[in-house]
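All remarks here apply to the structure that follows.
Only a predicted model underlies this, so the values are computations on that prediction, with no experimental measurement involved. Atoms considered below: every heavy atom in the structure, side chains included; atoms not considered: hydrogens, waters and symmetry mates.
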Amino acid sequence: MTKYMKKEIGISCTINTEVGAVLAALRNSFELPAADDNYHHTVIQQQSLKSLRSLIFNPQQEWQFIDPSIYLSPFLDVIQSDDVPAAATNIALSSLIKLLKLQLFDEKTPGAQEAMNSLVIATTSCRLERTDPLSEEGILMKVLLLLNGIMMHPASCLLKDESVCRVVNTAFLVVQQASHRGNLLQRTAKYVMLEISHTVFSKLNNIEAKEGDNNTESDADDNDIVNDGFSLRCVEDIFQFLCSLLNVVQTVETDGIISQSNDEDIQILALMLINTALELSGDGFSKHPKLCRMIQDDLFHHLIHYGTRSSALILSMICSTVLNSYNFLRRSLRLQLEAFLTFVLYRVAKNNSSMQYQEVALEGIINLCRQSTFLIEIYVNYDCSFTCCNVFEEMGKLLCKLAFPMTTPLTSLQLQAFEGLIIIIHAIADKVNKGGDGVSFEPFPVGITEYSPFWEEPLRKPDDLEKWVHILRLRKAQKKKLLIAGTHFNQDEKKGLEYLKISQLIPNPPDAKAFAYFFRFTPGLNKTAIGDYLGDPDEFHLQVLKEFTNTFDFTGFALDAALRAYLESFRLPGESQKIHRILEAFSERFFNQQSSEIFETKDAVFILCYSLIMLNTDQHNPQVKKKMTEEEFIRNNRAINNGKDLPREYLSELFQSIATHAIAIFAQAALLVDMNPSRWVELISRSRLMKPFTVCDFDHRLGRDMFGCIAGPTVAALSAIFEHAEDDEVLNECIEGIVSVAKIAQHGLEDILDELVASLCKFTTLLNPYASAEETLYLFANDLKPRMATLAVFSIANKFGESMRGAWRNIVDCMLKLKRLKLLPQSVVDYDTLVTAEGESHSRNIIEDSKYGSCRGNNSIAAGQLSHFLLESNEDSLVLGGSEFEQNLKVIQQCKIGNIFSNSSKLPAETLLNLGRTLIFAAAGKGQKFTTALEEEETVTFCWDLVGAIAYANIDRFSTFWPAYNEYILAVTTFPLFSPVPFAEKAAIIFFKLSVKLLSSNQTDKYAEEVLFKSISLMWQLDKEILDTCCEIIIQTVCKILTEYPGNIQTPIGWKTLLNLLSANGRLPENYDKAVETVIQLMSDGKNMSRTNYAFCIDCAFSFVALRTSLVEKNIEMMDLMANSVKLLIQWSKGYSDPGSSISNASITSSPEDSMRLDYTVPLFVKLGEALRKTSLARREEVRNQAIISLRKSFELALDLDMTSANCISCIDIVIFAMVDDLHEKMLDYSRRENAAREMRSMEGTLKYAMELLTDTFLLYLKPISENPGFSKFWLSLLRRMDTCMKADLGVHGPSRMQEVVPELLKKMIAVMKTTEILVPRENDDLWENTYIKIQWIAPSITRELFPNIPS
């Protein structure tokens, strides 16, 4: 026997067994006393079963191809019979269940469709009236199982729509009956309904909507839409049935009072089935307009209505339904989702007295927030749309409010709200920072530069994301401005409308449509003011009224519903003319959009509106004692429809509507509104016109903007939670949330970041002015919060310091407190260590988000998770061993404070300015209280070390921030209690170190050098004693710069400051040698001398030569170098550029007429000459004489300068004449002193050399001098000095040697003048005569020799 034959025989045996069981049950009924009456019926049923038995073992048959009705009908007859006992019915139902499980047939079997539908009809028609009541529950159980078997059978796809609906209806009837029976039956009934719904709605995605289905709801075509499963009409009817179950009520009798309430068991079942449908069909609903409209209207209306009127369990399931709807159908549910959030979840979470109810609402909000795109989508669709509420902003602020703790410990509701807030923060932070450092952020908020209609929503185009994002941000900015304008409007109507113009929210000239949308959709406006404006007779006001009315869509509205919606948007004014104008505009709009042909003219609408308002006042004004009746109302409105009566039924419905529910004619903005039927009708009407829900992903700019809406409350809530929380896990989550806030705030929300850091610094215990050092150390070591807060503060400063502004003050205050507690590592305290660490810091990451690790000891969970966000080494971060001080020190080491400054090269310029300003002000004592002078000195030193570290790390952009630092320094000097000590000294030390770094960097920015040396000069002016207190570092710095980097000094103030400091500090014995060697090296290597520094070099060299204790050999060497420096002047005058000049000499003297004005070499030469002249007055003769020798050499070299005659005369006059006069005066002064003969004679010898220099220089420059018009005057001045020296009276010391020297010098000069024919008799020239007279006066003895031809 084959396997197939065995299977066929097995099936036959099974059917035979079932037939036998049913026959046995029927025969058993004959033995009962009451069985005689049913004998005839049972005989017929027995005969059909016996006939089936005769066919069972037919060897030619195959069960798969036999019509199922042949072997099912006898069983169906049994269960449909009214006279069959309960036992037989029960067995027959069991047999059918078993036969269906065997799957003897499928959808391809002949007669399968008729058999399946007959099976449904028989099962749903099973009669129980004549059965045993005790067995009824079991039979109902079998009926349910059979119905489930039918729907699960492969041939169920052949069922007609009526059959499927009949199955669902029967199952629901069993559910209702089961509510009064056993718990098992009730559970089974609900399970079967769930399975049936699962089967039905799993087919929806296989049903295709016919073309044109969007425009019709006709049922005629639905039966044609059949694929593998049920038709669309079946699914629609079942879903509509499920939606209607939400509105099932039950009658309850309490203390004799009968009332109606919601049947929550049925509602729960309905929500379970609806959720199943949504989960199985997904977005399949959106493909079928009728189903979509059911969800939009019926379903959400019930969800919103019962969301605030049912138990917490119902609300929880409603939230699940809304969540499923959002995930699959949100494109069609824009206004519905907004209404559910605002009218249900937000309202319940805020106002409900039951904490359990609030927690359910919060859980619903949180589950929505967990969806990846929910937050950005509600922000885009609602917060950036003028006609919608700020759903995201309200959600964020609600969570902050509910999470904000006032006491300890935190309640479950606060923890739940905190969880939601953290989810929002992390979601935004992850998305905002997803693009990395290369992502750019536009300013927040966006500025409104021109008018654009604020009510128009941007259409997203995939290829133009940037434009779409910009328009969204612009709409959000406009919306914010409109709310401000609304506040002004409520205070003063004119100011509010003027603000609209100023903010470019309305065009110029004004547009009535802009005003209309402002009045229509701006929340919180004074409705009385709106009504008065709309009722004004001004032409523009009438245009606004028309546009305002056109914002309503009354299609499909009943008149009373339309009037309610219209009058809820403003308060109807009391003046009759204004009411007339307003109702006239409404009537025209309603008449044009009426869906029926009830009204023939708009006047009929107008009259009836007036009548309805009067009826509303009559019915609901308590002062009216006699109320109008329905008949009176109908009689008052006769013949108003173009001379005809309106339908009586229509007027009756209007009367009942107004009498039952008053029209809110005097609605106010402050009242808390509910989602009443008229408002829901208006919402559905608006949803037809509004653009669909925009599905989008996060954009980093929108993410930053949306957090900006809730940033302030978020920071406040997190700070309060951190303060009151006791659980380590909550503390850790709070810190993680704070870090995420910082991640977002770094992108243009600097104020929020400052507020965050300031709040966090409070918990470090470092800023408590009343706590002693011991108390602070104890709290820091024994409390987790201060350590966590400190780690977070400095980690944020390391990671996000580039976006911090005012928060640096809090950071610096914390650091100063740590410094006083001696907890700062040496790498932070010492400047040299800080700058050394600069190179190393670039290879380390202060915050490594990718590191996880295990922790040990107390608070291990919080420590470990916090380290993931903040630390490199999590095991040693918060839970530490050792003494309290060692624990504290290890925690501070983990803060990586030094990296803030060594890595400051990454900070933007504005941040550098804020950080530097904070440190400079702290160094000046602002906000600081010092107990001892030592503490003040240490604090000032520390602040300036940090300033130096910042400048050192940013030396390449020194000029961008140091000018501001210099201004800050100038500002602090004006503080009332400012003390330059030790401020100036510590600053100067850092400035000198920075000058070395700056000048060694080969930078070309002269401005940077200039501002730094201005700061150095300022410190010198503030405290002259720094030359002594800082002498060592000054001499080292100056000598290092002048010997190693002289070519990098480019500014006059740089050279002047350095050489002046060298001169001042070099006078000290310990510094003399090093300073002199520096000067000699600088002047020996002439390549580093320039027009810029020449005068300063000469002054510096002179300062050393003039020292009484200086070495003669060094003086001689320096004076020789000074004389040789004339060669540099010659080079520059010949057109060679010098190291300190960016302009060639050729360009300077390009025009002859400017040559005298632009000639800079003569003043420099004079500077040199004056230095040597002053040196010629030194006490030591060797120095004086060497000065004259050097001066001689200088004038000899200066011949190549090609000085003009005037310049020659000027140089001789300023230098040599003055030197001769000074030496002569000095000689006479010594002659008058006692015991000064030696000094007098020594000075006389120097005067002799000076006179010789005068003579030789005169002769050297005789040719150019003689050509000058002032030569005669110059010559007489020279002779006058000869005469003075010749007649010098030395008193008791005898005659002067000058009496021998002067005649010889005169002979020498006059001889050369004669030879060159300069001194010859000429007409109109008295030079010869004057010279003769002067010689006679000076030295008469040589007159004859010099003028032999003149008679005596």
Side-chain angles (χ1 to χ4, degrees), residues 1123 1126 1129-1130 1133-1134 1155-1156 1159 1161-1162 1165-1166 1169 1188-1189 1191-1221 1248-1286 1298 1300-1352:
V1126 178
L1129 299 178
I1130 295 171
S1133 67
K1134 299 299 183 183
S1155 61
M1156 186 65 182
D1159 190 5
T1161 55
V1162 173
F1165 178 75
V1166 171
I1188 294 176
I1189 294 172
L1191 197 56
R1192 178 186 294 276
K1193 184 177 182 180
S1194 299
F1195 272 96
E1196 290 174 354
L1197 292 172
L1199 273 175
D1200 292 334
L1201 286 176
D1202 297 329
M1203 291 188 291
T1204 63
S1205 59
N1207 286 338
C1208 293
I1209 292 174
S1210 177
C1211 289
I1212 296 173
D1213 184 25
I1214 295 172
V1215 178
I1216 302 180
F1217 280 2
M1219 180 182 63
V1220 170
D1221 293 342
K1248 172 180 175 293
Y1249 291 136
M1251 296 298 293
E1252 292 174 351
L1253 173 62
L1254 174 60
T1255 302
D1256 294 340
T1257 303
F1258 173 77
L1259 295 177
L1260 187 64
Y1261 290 92
L1262 179 59
K1263 186 175 185 306
I1265 292 174
S1266 62
E1267 296 173 355
N1268 190 275
F1271 174 71
S1272 176
K1273 182 178 179 181
F1274 172 78
W1275 170 246
L1276 293 177
S1277 297
L1278 187 152
L1279 293 177
R1280 185 168 60 253
R1281 284 169 175 76
M1282 291 289 182
D1283 179 51
T1284 302
C1285 293
M1286 181 71 178
M1298 291 296 101
E1300 300 175 0
V1301 174
V1302 170
E1304 295 301 324
L1305 297 177
L1306 288 172
K1307 290 178 183 180
K1308 184 176 181 180
M1309 289 187 290
I1310 292 176
V1312 174
M1313 290 174 68
K1314 288 181 178 180
T1315 304
T1316 56
E1317 296 184 352
I1318 294 175
L1319 187 61
V1320 293
R1322 291 186 180 90
E1323 294 183 2
N1324 300 323
D1325 186 4
D1326 55 358
L1327 179 63
W1328 174 272
E1329 183 178 352
N1330 290 338
T1331 303
Y1332 173 76
I1333 296 171
K1334 284 292 183 180
I1335 293 298
Q1336 278 188 322
W1337 179 258
I1338 298 170
S1341 59
I1342 63 172
T1343 302
R1344 178 58 60 186
E1345 181 180 353
L1346 295 177
F1347 299 97
N1349 298 327
I1350 297 179
S1352 54

**OP:** Provide the closest heavy-atom pair for I1265 versus C1208 in the form atom of the first, atom of the second, distance.
**Re:** CG1-CB, 4.0 Å
Original post:
What is the distance from atom CG of D1221 to atom CZ of R1280, rounded to the nearest 0.5 Å?
Top reply: 8.5 Å
**OP:** For G1169 and V1215, work out which heavy atoms get closest and say how close.
**Re:** O-CG1, 3.6 Å
Subject >> Separation of I1310 CD1 from L1305 CG (nearest 0.5 Å) >> reply: 11.0 Å
Original post:
Should the pair F1347 and W1328 be assigned to parallel (<30°), tilted (30 to 60°) or perpendicular (>60°) ring geometry?
Top reply: perpendicular
**OP:** Please name the pair of heavy atoms, one in S1133 and one in I1130, separated by the smallest distance, quoted to 0.1 Å.
**Re:** OG-O, 2.7 Å
Original post:
What pairs of residues pass the salt bridge (charged side-chain N to carboxylate O under 4.0 Å, His left out) test when at least one of them lies in residues 1265-1278, not counting sequence neighbours?
Top reply: K1263-E1267
Original post:
Looking at F1165 and S1194, what are the two nearest heavy atoms and their distance?
Top reply: CE1-O, 3.6 Å
Subject >> Minimum side-chain heavy-atom gap K1308-D1256 below 4.5 Å >> reply: yes
Original post:
Would S1210 and D1213 count as having a side-chain donor-acceptor pair, cut-off 3.5 Å?
Top reply: no
Subject >> Electrostatic pair D1283-K1334, nearest N-O below 4.0 angstrom >> reply: no
**OP:** Give, for atom CG of L1129 and atom CG of L1197, the distance between the pair rounded to the nearest 0.5 Å.
**Re:** 10.0 Å
**OP:** Give a yes or no on whether Y1249 atom OH has more than 12 heavy-atom contacts from other residues, nucleotides or ligands under 6.0 Å away.
**Re:** no
Subject >> Minimum heavy-atom distance between I1214 and V1166, given as atom pair plus value >> reply: CG2-CG1, 3.9 Å
Subject >> Pair M1309-L1319, side-chain contact (heavy atoms from CB on, under 4.5 Å): steps then yes or no >> reply: CA-CA 10 Å; M1309 289 187 290; L1319 187 61; over 6 Å; no
Subject >> Taking every non-hydrogen atom, the tightest pair across I1318 and L1327 >> reply: O-CD2, 3.7 Å
Original post:
Would a distance-only check, ignoring hydrogens and angles, find a side-chain to backbone donor-acceptor pair under 3.5 Å from N1207 to M1203?
Top reply: no
**OP:** Quick one: which residue pairs count as a salt bridge (charged side-chain N to carboxylate O under 4.0 Å, His left out) with a foot in residues 1194-1210, not counting sequence neighbours?
**Re:** K1134-D1202
Subject >> Atom pair CZ/CE of R1281 and M1219 - distance to nearest 0.5 Å >> reply: 11.5 Å
**OP:** Find out whether L1278 and W1275 are in side-chain contact, i.e. whether some heavy atom of one side chain is under 4.5 Å from a heavy atom of the other.
**Re:** yes
Subject >> CD on E1345 to NZ on K1307, rounded to 0.5 Å >> reply: 4.0 Å
Subject >> Test item: T1257 and R1192 side chains (from C-beta on) under 4.5 Å apart, heavy atoms >> reply: no
**OP:** State, with a plain yes or no, whether a side-chain heavy atom of L1201 is found less than 4.5 Å away from one of V1162.
**Re:** no
Original post:
Short question: side chain of Y1261, backbone of S1266 - any donor-acceptor pair under 3.5 Å?
Top reply: no
Original post:
Out of curiosity, T1343 OG1 to W1337 CH2, how far, rounded to the nearest 0.5 Å?
Top reply: 12.5 Å
**OP:** Using the side-chain contact (heavy atoms from CB on, under 4.5 Å) rule, take I1212 and L1254 through it: C-alpha gap first, then chi angles, then the decisive distance, then the call.
**Re:** CA-CA 8 Å; I1212 296 173; L1254 174 60; 4.2 Å; yes
Original post:
Can you check side-chain contact (heavy atoms from CB on, under 4.5 Å) on M1282 and T1255, steps first, answer last?
Top reply: CA-CA 10 Å; M1282 291 289 182; T1255 302; 3.5 Å; yes
Original post:
What residues form a ring-ring contact (aromatic ring centres under 6.0 Å, His included) with F1217, not counting sequence neighbours?
Top reply: F1274
**OP:** Go through the steps to decide whether F1195 and I1216 satisfy the test side-chain contact (heavy atoms from CB on, under 4.5 Å), and finish with yes or no.
**Re:** CA-CA 10 Å; F1195 272 96; I1216 302 180; 3.8 Å; yes
